[in-house]
Structures are given as C-alpha cells and as structure tokens.
Novice: 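Before I ask anything, here is the structure I am working with.
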Amino acid sequence: MQRTLTMLLALLAFAASAQTPRQMLDRAVAAIKNAGCVSASYSLKAKQGNSAGTITMSGSKFHLNSNDVKCWYDGSTMWTYSPATGEVNITAPTAADLQMSNPYAAANEFQRNYNIWKAAGQIPGCYALMLMPKKKAQVRQVYLYIDVKTYL
C-alpha cells in the first residue's frame with residue numbers, strides 16, 4: 001500500500017510539472033526576447049525549392065544569410081541582396097512581411113494563430129513541436145526544435 005501511494009504521488013507530481021506544447025512555445029518566445037543576441041540555423045522546404053542558412057537576431061533586428069538571399073533588418077528598413085541577380089532591394093516591411101523573414105515575429109504569429117502539438121521524432125536535448133495554422137495559410141506546417149535547457 002505504501003509503495004503504491006508513493007508511486008501514485010510521484011506520477012501526479014510528474015504530471016503536474018509536465019509542460020504543454022503551448023507552454024514550451026511560450027517559454028521559447030520569452031527566451032528569444034530576453035536573450036539579447038541569438039543565432040540559429042534553419043532549413044526551409046517549399047514548392048519554390050529548398051533553402052538553408054543562418055539567422056542572427058537581437059530584438060526586432062536581424063541578419064539572415066543563405067545561398068539564396070542575404071537580408072538585414074534594422075528595425076525599420078530591410079535590405080535584401082540576391083546573389084543570383086546581384087540586386088539589392090530596400091523596403092520598409094509591413095508586419096505581414098516580417099512574419100515571413102523574422103523568427104521572432106513568426107513566433108508571435110505561431111502563438112496566436114497556430115495549433116501546437118508535440119511532434120514525433122526527437123533530437124537529443126530538444127523538445128520537438130509541430131505547428132499547423134488554425135486557418136488556411138501560406139505556411140502549412142512548422143516543426144520547431146527547442147533546447148530543453150535554454151528554450152532557444
């Protein structure tokens with residue numbers, strides 16, 4: 001009886017401390033916001049082709065570097081360089097534009113407009129989340145891998 005009660009209490013304590021996928025994403029967004037400067041690798045699969053690269057961001061500012069494009073955003077102006085054409089475009093992007101290029105803006109969008117589940121398949125030391133939009137959107141599915149210690 002004593003052993004059964006101890007196991008039940010341990011199970012309840014574990015269940016109470018378990019995080020929901022939404023809590024994991026909320027903690028990751030807070031970690032990015034509070035981290036200062038963050039750098040990450042990414043990969044993207046789309047009908048137009050695949051891309052991979054790195055992004056460094058601090059607050060709303062970021063620098064994205066891939067084979068396809070190089071992009072800088074200072075919080076108000078975005079410079080986008082295309083090595084294929086040798087052209088630079090300078091814009092004042094809208095919030096919708098930033099959701100496609102700034103991970104912090106995208107993460108805020110994920111919190112509001114995406115359903116979140118724990119994803120199958122893990123990377124050691126990471127939480128795996130799968131996100132799908134609540135309404136039809138350009139992005140059909142997102143997989144996020146969040147470090148279990150830092151939430152980045």
Novice: Evaluate side-chain contact (heavy atoms from CB on, under 4.5 Å) for Thr56 paired with Val38, printing each intermediate quantity in order.
Specialist: CA-CA 6 Å; Thr56 303; Val38 176; over 6 Å; no
Novice: For Lys45, does the NZ atom sit with more than 12 other heavy atoms under 6.0 Å from it, leaving out its own atoms?
Specialist: no
Novice: Could you note down all residue pairs passing salt bridge (Lys or Arg N to Asp or Glu O under 4.0 Å) where residues 111-123 supplies at least one of them, sequence neighbours left out?
Specialist: Glu109-Arg112
Novice: Looking at Asn67, I'd like to know if its CG atom is crowded, meaning that more than 12 non-hydrogen atoms belonging to other residues, nucleotides or ligands lie closer than 6.0 Å.
Specialist: no
Novice: Parallel, tilted or perpendicular: which fits the ring planes of Phe110 and Tyr114, with parallel below 30° and perpendicular above 60°?
Specialist: perpendicular
Novice: Walk me through whether Leu64 and Thr80 qualify under side-chain contact (heavy atoms from CB on, under 4.5 Å).
Specialist: CA-CA 9 Å; Leu64 183 133; Thr80 306; over 6 Å; no
Novice: Is it true that the side chains of Thr54 and Asn65 contain a donor and an acceptor less than 3.5 Å apart?
Specialist: no
Novice: Ignoring hydrogens, what is the shortest heavy-atom contact between Asp68 and Asn50? Give both atom names and the distance.
Specialist: OD2-O, 4.0 Å
Novice: Tell me if a side-chain donor or acceptor on Arg27 pairs with a main-chain N or O of Arg22 at a distance below 3.5 Å.
Specialist: no
Novice: Mind telling me whether Phe62 and Tyr73 have parallel, tilted or perpendicular rings, with 30° and 60° as the class edges?
Specialist: tilted
Novice: Among residues at least two apart in sequence or on other chains, which ones pass ring-ring contact (aromatic ring centres under 6.0 Å, His included) with Trp79?
Specialist: none
Novice: I would like to know whether Ser76 and Asp74 meet side chain to side chain donor-acceptor pair (under 3.5 Å); could you show each step before the answer?
Specialist: CA-CA 6 Å; Ser76 60; Asp74 68 0; 3.3 Å; yes
Novice: Does a sphere of radius 6.0 Å around NZ in Lys61 hold more than 12 heavy atoms from other residues, nucleotides or ligands, not counting ones at 6.0 Å or beyond?
Specialist: no
Novice: Which heavy atom of Tyr151 sits nearest a heavy atom of Ala31, and at what distance?
Specialist: O-CB, 3.7 Å
